[in-house]
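Letters go in sequence order (proteins before strands), and every chain restarts at 1.
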Number of protein chains: 2
Amino acid sequence: MARSTTAADGNGRADGRVRLIDLARLAGVTPSVVSAVLGGRAGDGPGTGSGTVRVGAATAARIHALAARRGYRPDAAAQALKGCPSTVIGVLIGAESTLANYERLAAVERLADERGHRLMIGQLHDDPARTADYLRDFRARGIAALLCFHNPAPRCDAVLRNLFREFLPADAPLGHAHGLVFQTHSPIRGAHVVDVDRAEGVRQAVAHLLAQGRRRLALVLNAPPAADPLMADRWQGFIAGLAEAGRKPNPRRVWHGDGTFPPVPEQAAAAVRAVVDAGGADAIIASNDIWAMALLRILRRRGRAVPDNVAVIGMDNLYAAALFDPALTTIGQNNAAFARAVLDLLVPPAGGAPIPPGQHITVPPELVLRETG
Amino acid sequence: MARSTTAADGNGRADGRVRLIDLARLAGVTPSVVSAVLGGRAGDGPGTGSGTVRVGAATAARIHALAARRGYRPDAAAQALKGCPSTVIGVLIGAESTLANYERLAAVERLADERGHRLMIGQLHDDPARTADYLRDFRARGIAALLCFHNPAPRCDAVLRNLFREFLPADAPLGHAHGLVFQTHSPIRGAHVVDVDRAEGVRQAVAHLLAQGRRRLALVLNAPPAADPLMADRWQGFIAGLAEAGRKPNPRRVWHGDGTFPPVPEQAAAAVRAVVDAGGADAIIASNDIWAMALLRILRRRGRAVPDNVAVIGMDNLYAAALFDPALTTIGQNNAAFARAVLDLLVPPAGGAPIPPGQHITVPPELVLRETG
DNA sequence: CTGAAAGCGCTTACAG
DNA sequence: CTGAAAGCGCTTACAG
């Protein structure tokens with residue numbers, strides 16, 4: 001099949017696709033003019049600034065109308081090849097992660113679309129070689145920015161770190177990459193981190209429980225605070241919340257697992273025996289919603305009424321949290337605020353101040369009150 | 001910042017990116033040879049087929065080693081501009097849809113990656129103008145294929161249908177688009193549909209419940225079968241399953257809502273009153289997991305033991321189904337099989353027979369037995 | 001102020 | 001059998 005690129009084909013290609021040159025022919029101007037008008041680089045009258053091209057208002061209007069009527073969009077590949085900044089954000093999601101990241105992905109997509117960007121996704125499997133493949137592929141595709149919903153630090157070798165660095169603006173080829181955002185932790189210097197303020201979330205939960213008259217608060221952690229910074233955050237928030245009321249944590253009501261996730265029933269049972277049976281807790285703050293659900297299951301089997309007997313508060317506000325019976329009170333991850341922070345870093349509004357590397361943004365959590373506490 | 005494209009820059013650009021021409025210089029061959037070798041179009045010896053280029057085995061090995069060592073990937077924009085087939089699949093997801101589609105998305109991504117493809121995502125909002133924007137954007141980006149996790153039919157105007165048609169292989173510009181797959185229903189002729197066999201899923205659920213000794217089976221539908229083809233499927237499966245045991249549905253144990261979703265507690269309560277209190281049901285097949293959870297909530301409040309008193313089976317196998325207490329028995333959507341069917345249509349293995357337009361593939365469901373039935 | 005021309009990085013038909 | 005050259009659709013520095 002031969003392409004018809006003869007002069008007879010004056011108003012479009014055989015396959016119906018409209019190119020800039022077709023628009024130019026139809027409007028009776030040169031491609032340069034169409035490019036300038038549609039790219040917003042055309043002005044009219046003497047007040048026109050530098051860098052713009054003088055095009056009559058009538059001509060500009062005609063070109064805009066033509067482009068709209070034909071549904072013209074400049075070919076992304078041609079623009080990319082010419083060096084125009086990409087409008088695709090790569091998003092890497094830990095494959096083993098819960099659906100919380102997909103809920104967050106949806107929030108990011110919504111906002112990215114508003115700012116004219118698309119998301120290209122990939123799943124990571126804790127395998128540095130496969131992660132490197134994704135990064136090389138994203139680089140070859142000219143990805144504008146990278147968002148990583150996964151902590152590759154534990155298995156991040158030098159090769160991988162170098163590949164991540166290519167998405168830093170400073171090292172990027174001619175502004176090809178706009179930035180790199182990690183969640184909670186970055187394996188390299190210079191990348192941004194957007195994190196939810198877990199400590200503040202737990203602090204709010206503590207304050208809420210105390211205001212309800214609960215006095216024997218328990219904390220159930222997935223791992224020892226010393227072994228996991230994310231657990232340390234929860235622990236700090238727990239201490240801070242109690243301190244505000246002149247209280248201190250009771251060690252009998254602080255339990256931690258060995259890092260196994262999701263918890264097996266035996267672990268949840270052990271936690272309940274420790275903080276409720278032995279510790280006398282009237283409220284439990286769990287590491288996350290999955291843990292909270294596991295605890296609720298045990299509490300029900302042991303005849304402990306929730307929330308009358310024991311309140312339970314989770315973290316993440318999974319979609320499942322609202323469906324659970326009883327519906328879970330939880331520390332929400334505030335996906336909308338997260339998405340805004342990420343996009344303000346990766347797609348800053350034009351004309352804003354440049355963003356220094358290595359920003360660490362903390363997003364406030366939102367306590368979502370339902371039935372369990 | 002000026003690009004250094006001088007001859008002195010013999011082994012790469014200043015920014016570290018490696019181009020095909022750099023590889024050619026390093027290997028001491030012309031770009032044509034490198035392109036042929038890396039593209040698998042190079043052969044050696046007299047047995048070389050047509051369309052291939054003769055390149056010595058040693059030279060080919062040297063080029064492969066060089067490319068691997070430098071982490072070379074051809075620039076996707078340049079390949080796209082040259083007319084090479086794209087390896088990006090666009091995925092449109094209904095924004096109002098439950099997370100089931102994101103779980104499915106993950107399954108599709110896993111398989112697409114194995115076949116060298118990336119996913120670019122977008123969310124639809126039941127707004128034809130915004131959907132059209134996504135389609136034009138995907139077209140401009142040279143998307144290889146489109147997968148639509150959303151039924152745009154109710155508000156699909158002529159403009160939108162024409163835009164969808166551009167992703168059909170027949171109308172596509174020179175093989176740019178490989179295909180178009182909808183879920184459950186296509187608004188245009190020629191597109192493929194991949195669907196889960198809901199009727200078969202319900203039939204299996206009925207057989208399972210009968211084998212357990214349940215005899216008073218109920219069906220709770222979100223909408224009248226006549227108003228919603230997806231509900232009609234469930235109804236057909238229900239009849240078929242009962243017929244296999246020489247039984248017929250009892251109208252007192254078939255309830256349907258008015259299409260409102262998700263159900264409000266009053267609707268779930270009405271359904272329980274109808275099929276359990278009045279109908280005497282000892283098992284309920286719900287339209288989906290969300291409905292099943294709503295029913296379980298009501299049953300618990302009314303002191304009906306599940307599954308001893310009444311079994312409940314959902315559909316979708318949401319992530320939340322496994323977390324629920326009691327864990328939900330459900331008709332799973334078999335995301336792995338769904339993903340395989342979609343990719344066999346959109347990225348058929350090389351050398352296979354061409355796929356006729358308008359395929360309708362039905363994926364078998366999988367009954368997931370847990371605690372509720 | 002307008003228009004022709006170069007060039008982004010590839011692939012491939014074509015000339016030597 | 002090998003290598004130079006054209007061209008994909010844009011944008012932009014440059015010449016008229």
Side-chain angles (χ1 to χ4, degrees), chain A residues 2-5 12-13 15 17-25 27-46 48 50-56 59-60 67 72-86 139-142 173-176, chain B residues 2-5 12-13 15 17-25 27-46 48 50-56 59-60 67 72-86 139-142 173-176:
Chain A
R3 299 200 183 199
S4 53
T5 43
R13 290 179 12 168
D15 59 35
R17 270 176 70 208
V18 181
R19 296 160 302 178
L20 184 134
I21 196 176
D22 302 316
L23 248 43
R25 282 202 193 108
V29 297
T30 58
S32 323
V33 174
V34 177
S35 176
V37 167
L38 297 181
R41 273 167 280 102
D44 187 24
T48 301
S50 74
T52 64
V53 178
R54 281 183 57 106
V55 176
T59 306
Y72 171 76
R73 299 270 176 125
D75 183 280
Q79 289 186 311
L81 196 55
K82 202 67 187 52
C84 297
S86 164
R139 177 184 61 187
R141 294 182 193 276
L174 299 163
H176 228 82
Chain B
R3 299 203 184 198
S4 53
T5 44
R13 290 177 14 168
D15 59 34
R17 268 176 72 207
V18 181
R19 297 160 302 175
L20 185 134
I21 197 175
D22 302 315
L23 248 42
R25 280 201 195 109
V29 296
T30 58
S32 322
V33 173
V34 177
S35 176
V37 168
L38 297 180
R41 274 166 279 102
D44 187 24
T48 302
S50 74
T52 65
V53 178
R54 279 182 59 105
V55 176
T59 307
Y72 171 76
R73 298 271 176 124
D75 183 279
Q79 289 187 311
L81 195 55
K82 202 66 188 53
C84 296
S86 164
R139 179 183 60 188
R141 293 183 193 275
L174 298 164
H176 228 81

>> Can you measure B/L81 atom CG to C/dC8 atom P for me and round it to whole angstrom units?
In response: 13 Å
> Looking at A/R41, does any N or O in its side chain come under 4.0 Å of the phosphate oxygens OP1/OP2 on D/dT12?
Replying inline: yes
> Taking for each residue the nucleotide of DNA chain C bearing the nearest heavy atom, is the 5' side occupied by B/A78 or by B/A36?
Replying inline: B/A78
Please list, pair by pair, any protein nitrogen or oxygen found under 3.5 Å from a nitrogen or oxygen in nucleotides 14-16 of chain C.
none

> Which heavy-atom pair separates A/D22 from A/R17 by the least distance, and what is that distance?
Replying inline: OD2-O, 3.9 Å
> Over how many whole Å does the gap from B/R17 atom CZ to C/dC10 atom P extend?
Replying inline: 8 Å
>> Suppose we screen for side chain to side chain contact (heavy atoms under 4.5 Å, CB included). Which residues come up paired with A/S35, at least two apart in sequence or across chains?
In response: A/L20, A/R41
> Looking only at heavy atoms, which two atoms of A/V18 and A/Y72 are closest? And how far apart?
Replying inline: O-CD1, 3.4 Å
>> Suppose you measure atom C1' in C/dG9 against the same atom in D/dC14; what distance do you get, rounded to whole Å?
In response: 23 Å
> What is the distance, rounded to the nearest whole Å, between atom CD1 of B/I21 and atom P of C/dC10?
Replying inline: 9 Å
> When the distance from CG of B/L38 to C1' of C/dT11 is rounded to whole Å, what number comes out?
Replying inline: 12 Å
>> Testing the basics here: between B/A24 and B/P31, what is the closest heavy-atom pair and its distance to 0.1 Å?
In response: CB-N, 3.7 Å
> Atom CG of B/D75 and atom P of C/dC8: how far apart are they, to the nearest Å?
Replying inline: 12 Å
>> So that I can compare with my own list, what are the stems of DNA chain C, taken as at least three consecutive Watson-Crick or G-U pairs with distances under 3.5 Å?
In response: C:1-3 with D:14-16, C:5-12 with D:5-12, C:14-16 with D:1-3
>> Looking at every heavy atom in both A/S86 and A/G142, which two are closest together, and how far apart are they?
In response: CB-O, 2.9 Å
Set out, line by line, the N/O atom pairs under 3.5 Å between protein and nucleotides 3-7 of chain D.
| residue | atom | partner | partner atom | Å |
| --- | --- | --- | --- | --- |
| D/dA4 | N6 | B/S32 | OG | 2.6 |

>> Between P on D/dC10 and CG on A/L23, what's the gap in Å once rounded to a whole number?
In response: 9 Å
>> Strictly below 4.0 Å: does B/Y72 bring a side-chain N or O up to OP1 or OP2 of C/dG9?
In response: no
> Say you pick atom P in C/dG16 and the same atom in D/dG7; how far apart are they, in whole Å?
Replying inline: 16 Å
> Given A/V34 and A/V37, is the side-chain contact (heavy atoms from CB on, under 4.5 Å) satisfied, shown in steps?
Replying inline: CA-CA 5 Å; A/V34 177; A/V37 167; 5.9 Å; no
>> Applying side chain to side chain contact (heavy atoms under 4.5 Å, CB included), can you list everything that pairs with B/A140, at least two apart in sequence or on another chain?
In response: A/R73
> Between atom CZ of B/R19 and atom CZ of B/R25, what is the distance when rounded to the nearest 0.5 Å?
Replying inline: 6.5 Å
> C/dT11 P sits how many Å from B/L20 CG, rounded?
Replying inline: 6 Å
> Is there a side-chain polar atom (N or O) of A/Q79 under 4.0 Å from OP1 or OP2 of D/dG9?
Replying inline: no
> Looking only at heavy atoms, what is the nearest atom pair of B/A67 and B/L38, with distance?
Replying inline: CB-CD2, 3.9 Å
